[in-house]
Amino acid sequence: MTDFRKSTVYQIYPRSFYDTNGDGFGDLKGVTAKLDYIKELGVDYIWMTPFFVSPQYDNGYDVEDYYNIDPRYGTMEDFEELSREAQKRGIKLMLDMVFNHTSSNHEWFQKALAGDERYKNYYIFKKGKEDGSAPTNWESKFGGSAWEYVPEMDEYYLHLFHVKQPDLNWDNPKVRKEVQKVVRFWMSKGVKGFRFDVVNLISKDKFEDDFEGDGRRFYTDGPNVHQYLKELNAESFGQDAEIITVGEMSSTSMENCFEYAGEDSHELSMVFSFHHLKVDFMGNEKWVLVPTDFQKLKDILFSWQIGMAKNHAWNAVFWCNHDQPRLVSRFGDEGKYWKKSAKMLATIIHGLRGTPYIYQGEEIGMTNTDFTDISQFRDVESLNHYEILQQKGLSKEDAFRIIQIHSRDNGRTPMQWNGENYGGFTKGMPWIGVNENYTKINAQSQLHDETSIFNYYKKLVALRKELDIIAYGDIRPLDVRHPSIIAYERIYGEEKMLVVCNFYKTEVVWDSGMDLKGFETLLGNYSEQKIEESKISLKPYEAMMLYRKR
Ligand code: TEU
Ligand code: CA
């Protein structure tokens, strides 16, 4: 049995991965076709974002039928073939379960709208205020009110996300049973991993106006969330010790994560939290342009590392996913130091305590989109906020600039496989533009280049398997206040590992304050490391992992 603490997960956004039938959408057969590539990277799991039947208002996070595959992505036979082929290669599948909400096309919601009380109770319908306005002033994460009025019922339903994504009522035991059934169905198909979408939002507490924020404090980490997760665990995935789970935790608190991902809490194996990725936000406000707060990034990363370890809880560690801009564009350098900075950023994450996740294209250093016009964007969140920003008084140009930087579409342009048309993603017309830099940045050109970003990731994945210290060692942050260095030490018995990275392009000499005699280099993004007594000289974006047996 693979120990998930030694494992690495590769995330696939199937619609942008590889298209086998020329309709411009990636598909399940496309994932099967690329399994050897994934195997080459050495990862243990593939997390695939939702490919269930869906009208695709939110690219599959609006599920209409949890038991069937959307024809756009293929068939159940395609899924079974993928599962078999993955298994042959020692790769397990992790599916994405979206249970905070369904699509408004879901049979349950349709019945609810038709007046069936049983199904009305599956969702959160409320009367408006006395003046007829929405029950609370909560905002949808995609912009606008979180409530939608249904005239026939004279009631509103809650949608924390898209208006086509009504929130489920987890306080109804029937809903919880339905959800358990879905998980068991996919377990019966041999699935060994589950990612639960925004699962800390399932227990809504008080339906009150929020005069301090957008409402999130009334539904985040709600009062029954732990109980519901323990129940889901007991009634489904907890019955198979091989299954690993990760909860996507929106605006969560660390204290809650001790329990969500605690060794003995019987909830989930690990959690995604996002605080370390809000370091280029203004508080919770994403639609602004502010420089990265490096100190904040370190403080958050390290406090989670230490806090979770102390409380015997496990982190998922990551920079990227389908909701995030591309890593090199965001925290590195797309230009001269593209390769160096991509490797440096990878080093930071892959040396940490936790299970690392690599998002498709990250391993070849893909960059943000090169879109020049709003019509090229597809994501509903981006399009909504483009309008909202202008309503707030921003010019078209300023609003566009913000979308360019923060849009989720940055992470959703097609995987760049080779130098052929559309980066080899499709023979048809891709559903979203391919970045023109595919001639330079593509998988094919990196596979056989020892110095490529791909091969660097491959080494990081292998090292975690080889060295127990990476998986199990304690962590101690070093020189946390340093303005350009991020460094930490891992400790495991007599062994020590040192991770030192220059986050910027200015060369710097760092005094570690310790005797570095006996340390050997495990990995670095320059061919030689300059270490003298306690000092390390770091070139632009230099990163290294050093190791000493005792
Ligand atoms: O995302 C949850 C979420 O709150 C954010 O990632 C959000 O999409 C964004 O940061 C807002 O600025 C999950 C999925 O990963 C995402 O793709 C879905 O759209 C969302 O849930 C709804 O299911
Ligand atoms: Ca296709």
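What you are looking at is a predicted structure, and each value in this text was computed from that prediction instead of being measured. Heavy atoms only: backbone and side chains are in, while hydrogens, waters and symmetry mates are out. Every number for a ligand or one of its atoms is a count from 1 in the order of the listing.
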Carboxylate-amine/guanidinium proximity below 4.0 Å for D27 and K29: no
Basic-acidic side-chain contact under 4.0 Å: R89, E85: yes
S250 and K141: side chain donor to acceptor below 3.5 Å: yes
Nearest-contact summary for [atom] - protein heavy atom, Å:
{"atom": "atom 15 (O) of ligand 1", "value": "D323 OD2, 2.5 Å"}
{"atom": "atom 14 (C) of ligand 1", "value": "D197 OD1, 3.1 Å"}
{"atom": "atom 10 (O) of ligand 1", "value": "K286 NZ, 3.9 Å"}
{"atom": "atom 18 (C) of ligand 1", "value": "D58 OD2, 3.3 Å"}

Distance-minimising heavy-atom pair for K192 and Y45: O-CE2, 4.0 Å
Nearest heavy atoms of I243 and S269, plus distance in Å: O-OG, 4.4 Å
Selected option - heavy-atom contact closest to atom 11 (C) of ligand 1, from E381, K141, H385: E381
Option nearest atom 4 (O) of ligand 1 (shortest heavy-atom distance, choices F281, F161, F142): F161
Atom name in D23, limited to N/O/S, at shortest distance from the Ca ion (ligand 2): OD1
R412 heavy atom under 4.0 Å from ligand 1: yes
Residue portion contacting ligand 1 (non-hydrogen atoms closer than 4.0 Å) for R195: side chain
Y157/F109 aromatic ring centres below 6.0 Å: yes
Aromatic ring proximity, centroids under 6.0 angstrom, W304 and H275: yes
Step-by-step side chain to side chain donor-acceptor pair (under 3.5 Å) determination, S236 to Q180: CA-CA 6 Å; S236 63; Q180 294 156 13; over 6 Å; no
Angle at the Ca ion (ligand 2) (to 10°), with one arm to O of F25 and the other to OD1 of D19: 80°
Angle at the Ca ion (ligand 2) (to 10°), with one arm to OD1 of N21 and the other to OD2 of D27: 90°
Geometric class of the F196/F237 ring pair [parallel <30°, tilted 30-60°, perpendicular >60°]: tilted
Subset of ligand 1 atoms that lie under 4.0 Å from at least one heavy atom of [X]:
{"X": "H101", "answer": "22 (C), 23 (O)"}
{"X": "H322", "answer": "14 (C), 15 (O), 16 (C), 17 (O)"}
{"X": "R408", "answer": "7 (C), 8 (O), 16 (C), 17 (O), 18 (C), 19 (O)"}

